[in-house]
Amino acid sequence: MKPIISIIIPVYNVEKYIHRCIKSILSQTFTNFELLLINDGSSDKSGNICDDFALEDSRIRVIHQKNGGVSRARNKGIKLAQGDFLMFCDSDDYVEKNWCSQLIEEVKEDERVLPVSGIRLIYNIKEKREVIKTFSQKVKIGKDEYFEIYKKELSGGLWCKLYDRHIIEENSLYFDVNVSRAEDLLFNLKYITYMDSIVTVPAITYNYVHSNENSLINRYRIDLSDINLMVYSAWKEYLNQINADREKFEELATYFYFHFLGVLKNTFDERNKDTLFRKLKQNHNILNSKEFRECLELADTSKENAKYINLLKRRNYYIVWFMEQAIRVKKKIANKKYKNISA
């Protein structure tokens, strides 16, 4: 029997987690699916574990290939898929029993719709510290409202969505193998331009596991500037493609204006071992980038310090940095005086 859904999982050196992942897929209440396990050159026992599962369940197909990265693995799965719809899962995550059923329920024959459900973020395996990201109700929204979901951190990933394989194949929508960060968001933005609407599903269906908390949270990112520039440009292109109004571009600019400020701060993270001159030069270049200038021009900065905004508009980060240092020194002196008075 031809499967309705093809589930694609890239697998690479996850022998500690792959059992849990596959078992959660096989526990779905919706059973008419095939599971494509793309073993991307694992050097541990991941490939063998996948083969063992395939012997037990005919819905599983295992593809072994040389290591080429997650995007090549997903593209391989897309090309081999037989289902009408595609779903993606990461091999160190696991899903709820209603993962497939909740999303396939929203598919309509006469409408191109992207269903999006909620997610549980698990930050500490031992203590299982969780953050829930979900929708309060079922709502159908237009493509121009997709950015609102993105701001809630519910739209960038692949995991809580159901994709039409025929639309993907007809329009050659594949993952960019030259991009190692935010490749899932870039794929989504291309795909959604072919949709009529997006449906929010008020259910938690996916568990995203941060298996190494220290490396994923509050860490210094040397490529943060490049990622921010790429993602902003992708969103801008998306809004242009769907003919969004000026208000949407202003919302985009406001959101990424604050992200650019985060990039400037990231440069001076104590884990960045560059010289002070290199750090200042890097931020000076960011400040003068076309993307940052666009955001600064369109963003709503009415609640921000007017003097600081004027400094940014002068396009000289060296002056900005000098003023920031002066303010820090002033605050330290004031705090010291306060402590002496209190004593």
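Please read these numbers as outputs of a predicted model, since none were measured by experiment. One is the number of the first residue; the rest follow in order along the sequence.
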Asker: For the pair E291 and K236, find out whether any cationic side-chain nitrogen is under 4.0 Å from an anionic carboxylate oxygen.
Answerer: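 Here E291 does not pair with K236 in a salt bridge, since their nearest N and O are not under 4.0 Å apart.
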
Asker: Does the pair K313/E297 count as a salt bridge with the N-to-O cut at 4.0 Å?
Answerer: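 No salt bridge links K313 with E297.
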
Asker: For the pair I7 and E34, evaluate side chain to side chain contact (heavy atoms under 4.5 Å, CB included) and give the outcome as yes or no after the intermediate values.
Answerer: CA-CA 6 Å; I7 300 171; E34 66 170 346; over 6 Å; no

Asker: Identify the heavy atoms of T29 and S101 that sit nearest to each other, and give their distance.
Answerer: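 T29 and S101 have their closest heavy atoms at OG1-OG, 3.4 Å.
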
Asker: Would you confirm whether R293, through its side chain, and L287, through its main-chain N or O, come within 3.5 Å as a donor-acceptor pair?
Answerer: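 Looks like yes, one N/O pair under 3.5 Å.
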
Asker: Is it true that L185 and L121 fall in one hydrophobic cluster, defined by side-chain heavy atoms closer than 4.5 Å?
Answerer: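 Yes, one cluster joins them.
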
Asker: Kindly indicate, with the supporting measurements, whether the criterion salt bridge (Lys or Arg N to Asp or Glu O under 4.0 Å) is fulfilled by E111 and K140.
Answerer: CA-CA 12 Å; E111 185 179 12; K140 182 180 290 187; 3.0 Å; yes

Asker: Would you call E105 and K138 a salt bridge, using N to O less than 4.0 angstrom?
Answerer: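 Not counted as a salt bridge, because no side-chain N and carboxylate O are separated by less than 4.0 Å.
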
Asker: Would I8 and I78 count as a side chain to side chain contact (heavy atoms under 4.5 Å, CB included) if you check the C-alpha gap in whole Å, the side-chain angles of each, and the deciding distance to 0.1 Å?
Answerer: CA-CA 8 Å; I8 299 170; I78 291 173; 4.0 Å; yes

Asker: State, to 0.1 Å, how close V263 and N283 come at their nearest heavy-atom pair, and which atoms those are.
Answerer: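 Between these two residues, the closest heavy atoms are O-OD1, 4.4 Å.
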
Asker: Mind checking the OG-CG spacing from S225 to L229? Nearest 0.5 Å is all I need.
Answerer: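 One gets 4.5 Å once the value is rounded to the nearest 0.5 Å.
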
Asker: side-chain hydrogen bond (donor to acceptor under 3.5 Å, both in side chains) between E96 and N207: does it pass, once the steps are laid out?
Answerer: CA-CA 8 Å; E96 299 296 324; N207 298 288; 2.8 Å; yes

Asker: Over all heavy atoms of both residues, which pair between P10 and C89 is shortest? Give the atoms and the distance, please.
Answerer: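 Between these two residues, the closest heavy atoms are CD-O, 3.6 Å.
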
Asker: Relative to each other, are the rings of Y150 and F256 parallel, tilted or perpendicular (30° and 60° limits)?
Answerer: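 Plane angle under 30°, so parallel.
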
Asker: Is any side-chain heavy atom of I119 less than 4.5 Å from a side-chain heavy atom of T134?
Answerer: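 Sidechains of T134 and I119: no contact.
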
Asker: For K2, does the NZ atom sit with more than 12 other heavy atoms under 6.0 Å from it, leaving out its own atoms?
Answerer: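 Buried by this count: over 12 neighbours within 6.0 Å.
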
Asker: Shared ILVMFWY cluster between F258 and L296, side chains joined below 4.5 angstrom?
Answerer: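 Cluster IDs for F258 and L296 match.
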
Asker: Is K133 reaching over with its side chain to a backbone N or O of R120, donor-acceptor style, under 3.5 angstrom?
Answerer: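 No, because the side chain of K133 does not come within donor-acceptor range (under 3.5 Å) of the backbone of R120.
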
Asker: Are any side-chain N or O atoms of S46 and backbone N or O atoms of S42, one a donor and one an acceptor, separated by less than 3.5 Å?
Answerer: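 Flag not set: sc S46 to bb S42 has no pair under 3.5 Å.
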
Asker: Are any non-hydrogen side-chain atoms of T200 and Q137 less than 4.5 angstrom apart?
Answerer: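 They are not in side-chain contact.
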
Asker: Assign the ring pair F268 / W321 to parallel, tilted or perpendicular, where the plane angle (0 to 90°) is split at 30° and 60°.
Answerer: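 F268 vs W321 ring planes: parallel.
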
Asker: For the residue pair W99 and Y206, categorise the inter-ring angle as parallel (less than 30°), tilted (30 to 60°) or perpendicular (more than 60°).
Answerer: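 If you compare the ring of W99 with that of Y206, the planes turn out tilted.
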
Asker: Walk me through it: do I9 and L36 pass the test side chain to side chain contact (heavy atoms under 4.5 Å, CB included)?
Answerer: CA-CA 6 Å; I9 303 180; L36 301 177; over 6 Å; no

Asker: Do the side chains of R181 and D226 get close enough for a salt bridge, i.e. N-O under 4.0 angstrom?
Answerer: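 Judged by the 4.0 Å cut-off on N to carboxylate O distance, R181 and D226 do not form a salt bridge.
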
Asker: Evaluate whether atom NZ of K279 has more than 12 neighbouring non-hydrogen atoms of other residues, nucleotides or ligands under 6.0 angstrom away.
Answerer: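 Above 12, so yes.
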
Asker: Do Y163 and F85 make the cut of ring centroids closer than 6.0 angstrom?
Answerer: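 Not close enough - the centres of the two rings lie 6.0 Å or further apart.
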
Asker: Determine whether L86 and V199 fall in the same hydrophobic cluster, where Ile, Leu, Val, Met, Phe, Trp and Tyr are linked whenever their side-chain heavy atoms lie under 4.5 Å apart.
Answerer: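 No; V199 is not reachable from L86 via cluster members.
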
Asker: Look at the side chain of R74 and the backbone N and O of F88, then say whether any donor-acceptor pair between them is shorter than 3.5 Å.
Answerer: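 Side chain of R74 to backbone of F88, a donor-acceptor pair under 3.5 Å: no, none is there.
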
Asker: Y174 ring centre to K79 NZ or CZ under 6.0 Å, with the angle to the axis within 45°?
Answerer: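 Relative to the ring axis of Y174, which defines the angle, K79 lies inside both limits.
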
Asker: Locate the shortest heavy-atom distance separating D44 from V14; write the atom from each residue and the value.
Answerer: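 Result for this residue pair: OD2-N, 3.3 Å.
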
Asker: Give a yes or no answer on whether the side chain of D196 reaches the backbone of R112 with a donor-acceptor pair at less than 3.5 Å.
Answerer: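 Answer holds: yes.
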
Asker: Does the side chain of L37 reach to within under 4.5 Å of the side chain of I60, using non-hydrogen atoms?
Answerer: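 Answer yes - side chains close enough.
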
Asker: Can you tell me how far CG of N228 sits from CD1 of I286, rounded to the nearest 0.5 angstrom?
Answerer: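 The CD1 atom of I286 sits 8.5 Å away from the CG atom of N228.
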
Asker: For a 4.5 angstrom cut-off between non-hydrogen side-chain atoms, does Y194 reach I168?
Answerer: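 They are not in contact (no side-chain heavy atoms under 4.5 Å apart), so the answer is no.
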
Asker: Between M195 and M87, is there a shared hydrophobic cluster once you connect ILVMFWY residues whose side-chain heavy atoms come closer than 4.5 Å?
Answerer: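 Hydrophobic grouping puts M195 with M87.
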
Asker: Could you check if a side-chain atom of Y146 sits within less than 4.5 angstrom of a side-chain atom of I242, using non-hydrogen atoms only?
Answerer: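 No, every pair of side-chain atoms sits at 4.5 Å or beyond.
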
Asker: Would you say that F135 contacts I149 through its side chain, given a criterion of any heavy-atom pair below 4.5 Å between the two side chains?
Answerer: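 In contact.
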
Asker: Using 0.5 Å steps for rounding, measure from the CG atom of D51 to the CD atom of E56.
Answerer: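 Atom-to-atom, D51:CG and E56:CD are 11.5 Å apart.
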
Asker: Working to the nearest 0.5 angstrom, can you tell me the gap between N272 CG and Q282 CD?
Answerer: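 If we round to the nearest 0.5 Å, N272:CG and Q282:CD are 6.5 Å apart.
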
Asker: On the 0 to 90° scale, with breaks at 30° and 60°, tag the Y123-H210 ring pair as parallel, tilted or perpendicular.
Answerer: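 Because their plane-to-plane angle is under 30°, the rings of Y123 and H210 count as parallel.
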
Asker: I would like to know whether R61 and Q82 meet side chain to side chain contact (heavy atoms under 4.5 Å, CB included); could you show each step before the answer?
Answerer: CA-CA 11 Å; R61 282 195 284 160; Q82 298 177 355; 3.8 Å; yes

Asker: For D40 and Y12, indicate whether the former's side chain and the latter's backbone hold a donor-acceptor pair under 3.5 Å.
Answerer: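 Judged by distance alone, no pair lies under 3.5 Å.
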
Asker: Quick check against the 3.5 Å criterion: does E15 have a side-chain atom that pairs as donor or acceptor with the backbone of G47?
Answerer: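 Such a contact is absent between E15 side chain and G47 backbone.
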
Asker: How about Y17 and D93: do any of their side-chain heavy atoms sit closer than 4.5 Å?
Answerer: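 Side chain of Y17 against side chain of D93, heavy atoms only: no contact under 4.5 Å found.
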
Asker: Tell me, do V11 and I38 make a side-chain contact under 4.5 Å, heavy atoms counted?
Answerer: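 Of all side-chain heavy-atom pairs linking I38 with V11, none is under 4.5 Å.
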
Asker: Nearest 0.5 Å, please: how far is CD in Q28 from CD in Q102?
Answerer: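 It comes to 10.5 Å.
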
Asker: Under the criterion side chain to side chain contact (heavy atoms under 4.5 Å, CB included), which of V62, L26, I18, N48 is the partner of F53?
Answerer: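 Considering V62, L26, I18, N48, a side chain to side chain contact (heavy atoms under 4.5 Å, CB included) with F53 is found only for L26.
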
Asker: Looking just at side-chain N and O atoms, do T254 and D300 make a donor-acceptor pair shorter than 3.5 Å?
Answerer: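 No, no side-chain donor-acceptor contact under 3.5 Å.
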
Asker: Restricting to non-hydrogen atoms, name the atom on D92 and the atom on R20 that form the minimum distance, rounded to 0.1 Å.
Answerer: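 Distance-wise, the nearest heavy atoms are O-NH2, 3.0 Å.
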
Asker: When you measure from the centre of the six-membered ring of F33, is the NZ or CZ of R59 closer than 6.0 Å and no more than 45° off the axis?
Answerer: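 Yes, R59 lies over the aromatic ring of F33.
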
Asker: With the threshold set at 4.0 Å, does a side-chain nitrogen-carboxylate oxygen contact exist between R165 and E169?
Answerer: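 Between E169 and R165 there is a salt bridge, with a charged N closer than 4.0 Å to a carboxylate O.
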
Asker: Kindly check if the number of other-residue, nucleotide or ligand heavy atoms within 6.0 Å of NZ (K76) is above 12?
Answerer: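 No, not enclosed.
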
Asker: At what distance, to the nearest 0.5 angstrom, does CG of N240 lie from CD of E237?
Answerer: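 It comes to 8.0 Å.
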
Asker: Sub-3.5 Å donor-acceptor pair from the side chain of D184 to the main-chain atoms of F187, do we have one?
Answerer: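 Flag not set: sc D184 to bb F187 has no pair under 3.5 Å.
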
Asker: Identify the two heavy atoms, one from N13 and one from S43, that lie closest to each other, and give their separation to 0.1 Å.
Answerer: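 Scanning both residues completely, I find the closest heavy atoms to be OD1-N, 2.6 Å.
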
Asker: Assigning hydrophobic clusters by single linkage (Ile, Leu, Val, Met, Phe, Trp, Tyr; side-chain heavy-atom cutoff under 4.5 Å), is L103 placed with V107?
Answerer: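 They do share one cluster, since a chain of ILVMFWY contacts under 4.5 Å joins L103 to V107.
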
Asker: Ignoring hydrogens and geometry, is there a side-chain-to-backbone donor-acceptor pair from S24 to Y94 under 3.5 Å?
Answerer: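 Here the side-chain-to-backbone pair does not exist.
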
Asker: Is there a donor-acceptor contact under 3.5 Å from the side chain of R278 to the main chain of D274?
Answerer: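 Checking the backbone N and O of D274 against the side chain of R278, no donor-acceptor pair under 3.5 Å is found.
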
